[in-house]
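Below: one structure, written as structure tokens.
Naming convention: chains lettered A, B, ... in sequence-line order (proteins, then strands); numbering from 1 in each chain.
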There are 2 protein chains.
Amino acid sequence: MSPQEAAQEPAHTPRRSKITPERAQEFYAAVLDMLRESGYEALTMEGVASRTRCGKSTLYRQWGSKPELVVAALHGTRRVLLPHIDTGTLAGDLREAARAIGAGSGRDTPLMHALSHAALQSPELLCALREALILPEIAAIEAMVRRGAERGEIPADTPAAEFVSAQLLGVMRARPLLEGKFADEAYLTRFVENAVLPALGLEASTP
Amino acid sequence: MSPQEAAQEPAHTPRRSKITPERAQEFYAAVLDMLRESGYEALTMEGVASRTRCGKSTLYRQWGSKPELVVAALHGTRRVLLPHIDTGTLAGDLREAARAIGAGSGRDTPLMHALSHAALQSPELLCALREALILPEIAAIEAMVRRGAERGEIPADTPAAEFVSAQLLGVMRARPLLEGKFADEAYLTRFVENAVLPALGLEASTP
DNA sequence: GTCCATCGATACGCCAGTGTACCGAAACGC
DNA sequence: GCGTTTCGGTACACTGGCGTATCGATGGAC
């Protein structure tokens with residue numbers, strides 16, 4: 001309403017030109033934020049339009065429909081937390097992974113909760129969710145385990161190896177419902193130290 | 001339409017009388033089934049009415065609104081899988097729990113997925129979900145661990161003990177997204193044998 | 001400086017679900 | 001039997017989101 005409204009917006013880019021990749025990222029970020037806050041069903045195109053200060057027409061011109069927009073948002077913001085990790089030991093890798101997952105838990109957990117049911121009903125959405133959030137993480141974790149086996153830290157056929165990634169992601173998603181709080185770094189670190197490593201036959205670090 | 005329609009219904013109870021507890025169970029079962037199939041948002045009062053062959057008015061008279069109906073359905077069908085288990089050893093209890101959870105996984109997992117996000121937004125729903133599906137299970141699991149500690153099978157302060165319930169419920173919910181299939185008995189049994197028990201310092205059973 | 005493409009905004013028709021109101025019909029108590 | 005009560009079914013107004021169409025404004029190409 002008042003002229004100061006323009007001032008309180010950062011930079012206030014006048015956007016009447018073609019959609020730049022940066023602008024697309026803004027859309028994607030808004031979509032994911034709203035998913036986290038309200039869930040998939042409650043996400044509305046009108047809500048996205050108003051939050052991003054664009055017209056609905058732009059959204060429909062560009063992405064066609066709500067499911068496609070969500071899929072695009074997942075694909076377009078694929079950012080990976082774990083693959084860079086390589087400390088030289090399996091235990092070190094897993095501790096670092098616990099830290100990284102715990103740090104991103106406030107972002108990823110609500111997103112998973114928001115999308116998990118919708119994903120089980122829409123193959124495209126499931127695929128996008130897996131490719132954006134799940135497969136990169138479990139691939140990284142399995143790479144850690146494989147490197148550990150190659151270095152001889154654990155036997156190649158350690159039976160617990162199959163469950164490392166499922167445990168980490170599972171516990172991350174289970175804790176909010178069990179205890180009412182996110183699985184933060186401290187919790188996940190404790191978990192790795194006291195459950196994952198012992199199951200693999202690795203000693204907990206001497207304190 | 002045709003008179004044979006009455007014949008194809010089992011028993012075809014003519015229900016014009018007051019709602020009996022058995023009839024209420026039918027409502028609750030229908031609600032939970034539809035939640036599993038379609039999720040919380042897609043659950044409609046009209047859908048419940050048509051599936052249970054009652055009028056919407058009955059639903060609104062009896063439960064007031066959709067959230068209250070869902071909460072009532074959760075409370076009204078509280079059935080417990082684990083508390084009866086007491087094999088005499090912690091390892092035996094956990095193996096049995098894996099079997100029980102795996103057997104019920106086809107029912108409980110979709111329900112959790114359907115409700116987990118809605119529950120994080122509605123305190124009443126969260127409370128009902130926890131009381132109906134979560135707390136009984138983790139109480140039972142923690143009782144197993146406590147009994148094991150009292151029998152001296154594990155030290156009283158075993159650090160992995162904190163995570164047993166989160167592990168079991170976590171992987172149960174994680175597997176459908178990771179591998180695309182439910183965590184069945186075989187998977188959960190393998191998990192307990194190869195990850196949970198070793199983390200607790202219990203040997204895997206000699207094959 | 002002019003023109004064209006695309007944007008942002010708004011209005012519209014459509015559909016689906018909510019919750020209310022009303023009605024006849026059937027069951028139960030007495 | 002009869003009255004009361006509750007049920008099942010339908011009609012209704014209301015809301016809200018989807019997707020389309022339209023229009024003025026504006027940025028970029030030339």
Side-chain angles (χ1 to χ4, degrees), chain A residues 1 5-6 9 11-28 30-31 34-35 37-73 114 118 121-122 124-125, chain B residues 1-3 5-6 9 11-28 30-31 34-35 37-73 114 118 121-122 124-125:
Chain A
M1 296 281 180
E5 184 167 327
E9 289 179 21
H12 185 46
T13 51
R15 1 183 151 77
R16 275 278 149 84
S17 97
K18 202 170 177 179
I19 292 200
T20 64
E22 298 77 35
R23 178 78 169 129
Q25 288 298 318
E26 287 180 36
F27 284 106
Y28 296 157
V31 168
M34 298 173 71
L35 281 175
E37 292 165 13
S38 322
Y40 180 79
E41 305 290 340
L43 179 80
T44 67
M45 297 298 261
E46 277 154 354
V48 176
S50 88
R51 180 181 291 214
T52 56
R53 302 183 161 282
C54 79
K56 274 200 303 177
S57 22
T58 303
L59 298 180
Y60 282 103
R61 264 194 297 264
Q62 208 70 21
W63 289 280
S65 74
K66 168 171 136 177
E68 295 174 76
L69 173 58
V70 171
V71 169
Q121 308 219 324
S122 153
E124 299 85 15
L125 193 53
Chain B
M1 296 280 179
S2 61
E5 184 167 327
E9 290 178 24
H12 186 45
T13 51
R15 0 183 154 78
R16 275 277 150 83
S17 96
K18 204 169 177 178
I19 293 200
T20 64
E22 298 78 34
R23 177 77 168 130
Q25 288 299 316
E26 286 181 36
F27 283 106
Y28 295 158
V31 167
M34 298 174 71
L35 281 176
E37 292 166 14
S38 321
Y40 180 79
E41 304 290 339
L43 179 80
T44 67
M45 298 297 261
E46 278 158 354
V48 176
S50 88
R51 179 182 293 214
T52 56
R53 303 183 162 281
C54 79
K56 275 199 301 176
S57 22
T58 303
L59 298 180
Y60 282 103
R61 263 195 298 265
Q62 207 71 19
W63 289 281
S65 75
K66 168 171 135 177
E68 296 174 74
L69 174 58
V70 171
V71 169
Q121 307 218 325
S122 152
E124 298 85 14
L125 194 53

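With sequence neighbours excluded, no residue satisfies ring pair (Phe, Tyr, Trp, His ring centres under 6.0 Å) with A:Y60. Taking the side chain to side chain contact (heavy atoms under 4.5 Å, CB included) definition, one finds that A:Q121 meets it with A:H117, sequence neighbours left out. When the side chain to side chain donor-acceptor pair (under 3.5 Å) test is applied to A:S57, no partner is found at least two apart in sequence or on another chain.
Atom P of nucleotide D:dG27 and atom CD1 of A:I19 are separated by 16 Å, given to the nearest angstrom. Between B:R53 atom CZ and D:dT10 atom P there is a gap of 12 Å when expressed in whole angstrom units. One can place CD of A:E26 at 14 Å from P of C:dC7, the figure rounded to the nearest angstrom. Across the protein-nucleic acid pair, B:K18 atom NZ and D:dT6 atom C1' stand 9 Å apart, rounded to whole Å. The separation between A:Y60 atom OH and D:dG19 atom P is 4 Å, rounded to whole Å. In this structure, B:L59 places its CG atom 14 Å from C1' of C:dT20, rounding to the nearest Å.
Taking 3.5 Å as the limit, the base of D:dG19 and the side chain of A:K56 contain a donor-acceptor pair of atoms between them. Looking at B:S57, its side chain comes within 3.5 Å of the base of D:dG9 through a donor and an acceptor atom.
Counting only residues at least two apart or on different chains, no salt bridge (charged side-chain N to carboxylate O under 4.0 Å, His left out) pair has a member in residues 58-71 of chain B.
Here A:T58 reaches the OP1 or OP2 of C:dG8: one of its side-chain N or O atoms lies under 4.0 Å away. For B:Q62 and D:dC7, the shortest distance from a side-chain N or O to OP1 or OP2 is below 4.0 Å. Note on B:R61: every side-chain N or O is 4.0 Å or more away from OP1 and OP2 of D:dT6. Distances shorter than 4.0 Å separate none of the side-chain N or O atoms of B:R23 from OP1 or OP2 on C:dA27.
Near DNA chain D, meaning a heavy atom under 4.0 Å from it, residues 38-48 of chain A has A:L43, A:T44, A:M45, A:E46 in order of number.
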Going by atom type alone, with no hydrogens or angles, which donor-acceptor pairs under 3.5 Å involve a side-chain atom of residues 37-48 of chain B and a protein atom two or more places apart or on another chain?
unit_1, atom_1, unit_2, atom_2, d
B:E37, OE1, B:R51, NH2, 3.0
B:T44, OG1, B:G47, N, 2.8
B:E46, OE2, B:K56, NZ, 3.4

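At least one side-chain heavy atom of A:T58 sits under 4.5 Å from a side-chain heavy atom of A:I19. In this structure, A:E22 and A:Q25 have side chains that are not in contact, with every pair of non-hydrogen atoms separated by 4.5 Å or more.
Between C:dC7, C:dG19, D:dG8, one nucleotide has an atom nearer to the side chain of B:S65 than all others, and that is C:dG19.
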